[in-house]
Amino acid sequence: MFAIPTKSLTEGVSSPSLLQAATKAENERANRSLVVGSMKNQEKFRGYEKKIARRSSELPYAMALQAEQHELIDDSSATETSSDPEFENGHWSLTSPGRYENHHQCAAVHRYRGNDIPSSDGEGEEEEPESVPVCGRALLKKSLREMSLCVVRRKSNPKRAAVPALIFDIDGVFKNGAKYANYGVRVLRKLKDANVPYVFMTNGGGGRTEAQYATEMNKKLVKFDSKHEFDSKHDQDQHDENENYVSAGQMVLSYTPFKQHLSHLKNQPVLIVGCPRSINAARSYGFKKAISIKEYTQKHPTMNPFGKSGCEKDDKVILTGAKEQWDEGIKAVLVFTDPADFFEGIQVLTDVLLSSRPGEIEYEKDHRIPIVFSNPDLLWKTQYPHSRFGQGAFRLSLEACYKARMQAMGISSAEIEDRLDDFCQFGKPFETQFLHARKAALQQADRLGCSVSKFYIVGDNPRSDIAGAVNMNRLAQEKQLEEWSGLLVRTGVFQEGDDEMGASHKFDSVVEAVEYVLATHEQEIACGVPRRG
């Protein structure tokens, strides 16, 4: 299990109480399927799923749990200035030469063991054990402060109408693959006309930035608007052809949290995995020394023995005779999307996780870097009749191959398990993703001049959309915040007979789901501030 850092964000909260809550949450999470989708033979996978659960999303879950344990603060009262004298720019200041030398140069995504918990009063703290990563505790404290900014407690404002807010999944709800449903624009127009805030939260992103995704989505929606698919002549007359239905601020992609929660890596060399445009998204987030896996293998062409044709390429690789330089100093691997080359991803990442200089030495015992995944979904919906494998399948494959390779090298079982803890997970159903969506929805409500009475998540995947909504509702009840409800649609991954994971209602499409929300909250919405005169 992991331990919570020592210093609270507010007074009056002790580490033992946090530890007890964390232990309970860890036990609950270990019994929950995280990456295996709708399968008939889930009993066969249960044991392995528990292992995955124990290694998944330690940092995001710890941040969300810590934030919910404290009084939630408003942006205006928060500060990003650290009170830790050794904390500087997201890293421990190494005050003594050689301190923590040759130990994990880790990121905030490493988890802690129970015996690593320092004292709760912050005074007389013991020297950190050498097994603790060099900057992990400070970085985790920094991320906890940042997460507290994401969870904004809104005081009731009698001058503002409280209306529901909708958080939409995209794939399997508005589109399958690149093909958008023709009813999506009608749904969003109804919400805009009703002055109801909505945002999008996807476990995808395709390597785009939030602005790029919003622009592309608007272009797709405008095509259906141009066909004048209006419910009435009045709607057509009121339509603004230049109106956008989605903005960058309404988009939460699978890797959106990287920008905030991995900020300590922005000046460090990080290896970016994903489709070719993922590197541009990473650099737009401020990862100044990011290098794509394609750039890395171009520099080291013999790492992947196969060419684009799938045949061996060794005879086509021209070596200059100069000594190959392995000087990248990669500090973390960030998986934005599924890799363009599945085999290359498994082979190269196994090499990079085992050694900082894979071409010179295959295994370095003291070399430890985190690998951060943005999407745990085993399955997702495309235009193909049945669900396709997603990034969760890549994680499972990489973990299995990485483990097998270490076993073949004679590495001890204890060290193998310890190294597998470097696999870290963001994305739905974890709270970090939902807290970012919540913040985006509250900001949208502010712009519309209303407040939020209830959050609805509309999705097609019970194990990411609905399970996350159920967990958020549990946390909301504990803190007496806005209720959450999961609405399941039949246009994507979900098939009748699958585990619904606590969905409150099922619908044939997002059209019916939105109509249900508008009808349920008709009186509240009628009191809202109209957007048009």
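Computed from a prediction, not measured in an experiment: that's the story for all the values here.
Side chain of R208 to main chain of E216: no donor-acceptor pair is present (N/O by atom type, distance under 3.5 Å, no hydrogens or angles). E210 contributes no side-chain N or O that, together with a main-chain N or O of L253, makes up a donor-acceptor pair within less than 3.5 Å. For the pair Y255 (side chain) and G207 (backbone), a donor-acceptor distance under 3.5 Å is present. Q250 places no side-chain N or O within donor-acceptor distance of the main-chain N or O of V199, the cut-off being under 3.5 Å. With hydrogens and angles ignored, the 3.5 Å screen pairs a side-chain donor or acceptor of R277 with a backbone N or O of G206. Not one N or O on the side chain of S292 forms a donor-acceptor pair closer than 3.5 Å with the backbone of I279. Although no hydrogens or angles enter the test, the distance criterion places a donor-acceptor pair under 3.5 Å between the side chain of W380 and the main chain of F389. Under a 3.5 Å cut-off, the side chain of D465 and the backbone N or O of N461 do form a donor-acceptor pair. Of the possible polar contacts, none joining the E483 side chain to the F455 backbone as a donor-acceptor pair under 3.5 Å is found. Not a single donor-acceptor pair under 3.5 Å links the side chain of K479 to the backbone N or O of L481.
In this structure, a donor-acceptor pair under 3.5 Å is present between the side chains of R474 and N471. Under 3.5 Å, the side chains of Y456 and H521 contain a donor-acceptor pair of N or O atoms. For Q425 and R395, the side-chain atoms include at least one donor-acceptor pair closer than 3.5 Å.
Across D460, D169, D171, D377, a single residue satisfies salt bridge (Lys or Arg N to Asp or Glu O under 4.0 Å) together with K428, and that is D169.
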TODO: Show your reasoning for whether side-chain contact (heavy atoms from CB on, under 4.5 Å) applies to T202 and V252.
DONE: CA-CA 6 Å; T202 174; V252 178; over 6 Å; no
Open item on the list: With side-chain hydrogen bond (donor to acceptor under 3.5 Å, both in side chains) as the criterion, how do S485 and S504 come out once you've worked through the C-alpha distance, each side chain's angles and the decisive distance to 0.1 Å?
Closed with: CA-CA 6 Å; S485 181; S504 60; 2.7 Å; yes
Open item on the list: Could you go through M217 and K220, starting from their C-alpha distance and side-chain angles, then the distance that decides it, and tell me whether this counts as side-chain contact (heavy atoms from CB on, under 4.5 Å)?
Closed with: CA-CA 5 Å; M217 195 170 182; K220 299 285 188 178; 5.7 Å; no
TODO: Evaluate the criterion side-chain hydrogen bond (donor to acceptor under 3.5 Å, both in side chains) for residue pair T337 and Q391; output intermediate values, then yes/no.
DONE: CA-CA 7 Å; T337 74; Q391 192 184 128; over 6 Å; no
- [ ] Take V246 and L221 through the side-chain contact (heavy atoms from CB on, under 4.5 Å) test and state the conclusion after the steps.
- [x] CA-CA 10 Å; V246 190; L221 295 171; 4.2 Å; yes
TODO: Report the C-alpha distance between R419 and L353 in whole Å, list the side-chain angles of each, state the deciding distance to 0.1 Å, and finish with yes or no for side-chain contact (heavy atoms from CB on, under 4.5 Å).
DONE: CA-CA 9 Å; R419 281 181 168 270; L353 291 171; 5.5 Å; no
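Contact check for L262 versus V270: no side-chain heavy atoms found under the 4.5 Å cut-off. Inter-residue side-chain proximity for P257 and H436 is flagged as met; some heavy-atom pair is nearer than 4.5 Å. Proximity of P197 to C450: side-chain heavy atoms (C-beta onward) are separated by under 4.5 Å at one or more points. M472 places a side-chain heavy atom less than 4.5 Å from the side chain of L435. Within the 4.5 Å cutoff, the side chain of P269 has no heavy atoms near those of the I291 side chain. Side-chain contact check for M201 versus M251: every heavy-atom pair is 4.5 Å or farther apart. Side-chain atoms of E515 and K190, non-hydrogen and from C-beta on, do get closer than 4.5 Å to each other. A 4.5 Å side-chain heavy-atom check between S464 and N375 finds every atom pair outside the cut-off.
Of all heavy-atom pairs spanning V196 and P164, the tightest one is CG1-O, 3.2 Å. Counting all heavy atoms, side chain and backbone alike, L518 lies closest to A194 at CD2-CB, 4.2 Å. Considering all non-hydrogen atoms of both residues, F426 and S254 come closest at CB-O, 4.5 Å. A pairwise comparison of heavy atoms in W484 and A476 identifies CD1-CB, 4.1 Å as the closest pair. Between Q212 and T209, the shortest heavy-atom distance links the atoms OE1-N, 2.9 Å. Contact record, V458 with A513: CG1-CB, 4.1 Å, taken as the closest heavy-atom pair.
To the nearest 0.5 Å, atoms CG (L378) and OG (S387) are separated by 9.5 Å. Annotation: the span from L349 atom CG to L398 atom CG amounts to 5.5 Å, rounded to 0.5 Å. To the nearest 0.5 Å, atoms CG (D338) and CZ (F373) are separated by 10.5 Å. The distance from atom CG of L188 to atom OH of Y245, rounded to the nearest 0.5 Å, is 7.5 Å. With rounding to the nearest 0.5 angstrom, the CG atom of L271 is 8.5 Å from the CD1 atom of I371. Note: D193 CG to I525 CD1 = 11.5 Å, rounded to the nearest 0.5 Å.
For T491, the side-chain contact (heavy atoms from CB on, under 4.5 Å) partners are Y183, V489, S509, not counting sequence neighbours.
Below 30°, between 30° and 60°, or above 60°: for Y198 and F200 the angle between ring planes is above 60°, a perpendicular geometry.
Salt bridge status for E482 with K454: absent, with no side-chain N to carboxylate O gap under 4.0 Å.
Less than 6.0 angstrom separates the ring centroid of F258 from the ring centroid of F336. A distance below 6.0 Å separates the ring centres of F174 and F168.
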